[in-house]
Amino acid sequence: MNAHARAAEADSPSVILFDLGNVLFSDPWETLLLTPGTGLGDRLGLDRSAVLESGRRCWRMFSVSEAEEADYWHELSRQLGCDIPPQLVKEVEEELLVANPAAGALLAAASADGARPVGIASNNTSFWYAKQADQLDLDRWIDPGLVFLSCGLGVSKSTAGRGLLEIAAEHVAPSATLFVEDRAANLARARALSFRTIMYAFKSEPGGESGPESGGVFGVSAVELLDTITG
């Protein structure tokens with residue numbers, strides 16, 4: 001266990017780990033493909049259920065290894081049986097993918113002026129993580145030793161056995177670490193590893209899911225999350 005692990009649990013968490021999609025930034029594939037009216041699925045006149053299933057399948061394929069974005073769109077186009085023009089992808093991305101307006105305040109509070117380590121625990125592709133990190137200026141806030149990404153580790157939060165969260169638990173003291181996440185299944189798995197957890201989503205997800213499994217309309221507000229972070 002590295003220097004970030006703490007033997008004793010304090011009132012304020014010693015480490016904070018953030019999920020990215022729908023926590024600090026738009027969930028990339030769901031937002032791009034499924035946003036009603038303006039997402040790629042509706043713009044291309046595609047069946048929503050087919051887009052949802054192909055989107056999930058491609059995410060599972062591309063989020064557990066280093067990959068090129070062009071290959072992702074090529075595979076998604078193949079599965080959907082239609083061409084997805086790169087210029088349209090660019091337009092939709094610029095319109096729909098946004099940082100959480102509260103992200104800067106959340107990261108700053110988590111960091112406590114650099115006194116507390118902050119990390120990322122995310123099922124993510126290498127190409128979207130790079131874009132999110134740039135727009136969020138993550139290098140300013142994140143300890144590079146606490147970045148746990150499915151694309152780099154080859155496992156996700158839902159992988160059976162030793163998954164992403166189990167790996168994260170080997171680098172921090174879970175009982176002294178707060179994990180901020182929008183999906184109930186991931187939160188339950190984190191709690192089973194003794195992480196402190198809090199459900200937070202900055203907007204409802206466009207995938208049509210609701211309830212505690214998606215996390216879209218449940219959880220604390222940004223103000224409540226800030227209160228928890230600052231203790």
Side-chain angles (χ1 to χ4, degrees), residues 1-25 63-64 100 102-124 129 132-133 136 138-202 211-216 218-231:
M1 189 170 290
N2 69 15
H4 297 308
R6 307 297 177 88
E9 180 176 342
D11 290 338
S12 181
S14 299
V15 178
I16 296 181
L17 295 179
F18 287 99
D19 180 31
L20 270 176
N22 207 26
V23 172
L24 296 178
F25 201 89
S63 65
V64 291
N100 179 352
L106 293 170
L107 288 163
S111 175
D113 294 325
R116 176 167 51 192
V118 180
I120 297 293
S122 173
N123 292 343
N124 214 324
Y129 178 74
Q132 292 166 327
L136 292 166
L138 285 185
D139 287 346
R140 178 181 177 186
W141 308 110
I142 299 301
D143 182 328
L146 297 178
V147 176
F148 306 101
L149 302 176
S150 58
C151 60
L153 296 170
V155 294
S156 73
K157 295 170 187 172
S158 60
T159 298
R162 185 172 178 265
L164 187 147
L165 293 173
E166 284 74 16
I167 294 173
E170 296 168 3
H171 293 78
V172 298
S175 63
T177 300
L178 178 67
F179 176 45
V180 185
E181 160 77 44
D182 67 317
R183 293 183 183 272
N186 296 333
L187 290 165
R189 186 158 176 170
R191 284 193 296 272
L193 293 165
S194 298
F195 281 98
R196 304 190 203 182
T197 64
I198 189 165
M199 178 177 277
Y200 169 76
F202 90 90
E213 189 64 27
S214 72
F218 287 78
V220 301
S221 68
V223 172
E224 290 169 325
L225 177 55
L226 279 169
D227 287 343
T228 300
I229 286 172
T230 56

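Predicted model only: the values in this text are computed from it and were never measured.
- Sorted by first and then second residue, the salt bridge (Lys or Arg N to Asp or Glu O under 4.0 Å) pairs involving residues 219-229 (not counting sequence neighbours) form an empty list.
- Taking each heavy atom of I229 and I16 in turn, the nearest pair found is CG2-CD1, 3.6 Å.
- Residues forming a side chain to side chain donor-acceptor pair (under 3.5 Å) with S122 (at least two apart in sequence, or on another chain): N124.
- Taking the side-chain contact (heavy atoms from CB on, under 4.5 Å) definition, one finds that A192 meets it with nothing, sequence neighbours left out.
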Worked check of side-chain contact (heavy atoms from CB on, under 4.5 Å) between L107 and L138: CA-CA 9 Å; L107 288 163; L138 285 185; 3.9 Å; yes
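- Closest approach of L146 to P117, counting heavy atoms only: CD1-CB, 3.6 Å.
- The side-chain hydrogen bond (donor to acceptor under 3.5 Å, both in side chains) analysis of residues 144-154, with sequence neighbours excluded, yields no pairs.
- Minimum interatomic distance between D182 and G21 (heavy atoms only, all atoms of both residues): OD1-O, 3.6 Å.
- The minimum heavy-atom distance linking L187 with I198 is given by the pair CD2-O, 3.7 Å.
- Side chain of R116 to backbone of V15: no donor-acceptor contact under 3.5 angstrom is found.
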Test side-chain contact (heavy atoms from CB on, under 4.5 Å) applied to L106 and V180, step by step: CA-CA 11 Å; L106 293 170; V180 185; over 6 Å; no
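- Residue pairs satisfying the ring-ring contact (aromatic ring centres under 6.0 Å, His included) criterion with at least one member in residues 140-163, sequence neighbours excluded, are listed as follows: F148-H171.
- Residue pairs meeting the ring-ring contact (aromatic ring centres under 6.0 Å, His included) criterion with at least one partner in residues 178-197, sequence neighbours excluded, do not occur; the list is empty.
- Here F18 pairs with nothing under the ring-ring contact (aromatic ring centres under 6.0 Å, His included) rule; sequence neighbours left out.
- Residue L226 comes nearest to A109 through the heavy atom pair CD2-CB, 3.7 Å, listed as atom of the first residue, atom of the second, then distance.
- A102 approaches Y200 most closely through the heavy-atom pair CB-OH, 4.4 Å.
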Working for side-chain contact (heavy atoms from CB on, under 4.5 Å), residues T159 and L164: CA-CA 7 Å; T159 298; L164 187 147; over 6 Å; no
From CA spacing to verdict: side-chain contact (heavy atoms from CB on, under 4.5 Å), E181, R189: CA-CA 11 Å; E181 160 77 44; R189 186 158 176 170; over 6 Å; no
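- Listed by chain and residue number, K157 satisfy the side chain to side chain donor-acceptor pair (under 3.5 Å) test with D19 (two or more places apart in sequence, or in another chain).
- Residues passing the side chain to side chain donor-acceptor pair (under 3.5 Å) test with T228, sequence neighbours excluded: none.
- Under the side chain to side chain donor-acceptor pair (under 3.5 Å) criterion, R191 pairs with T197, sequence neighbours left out.
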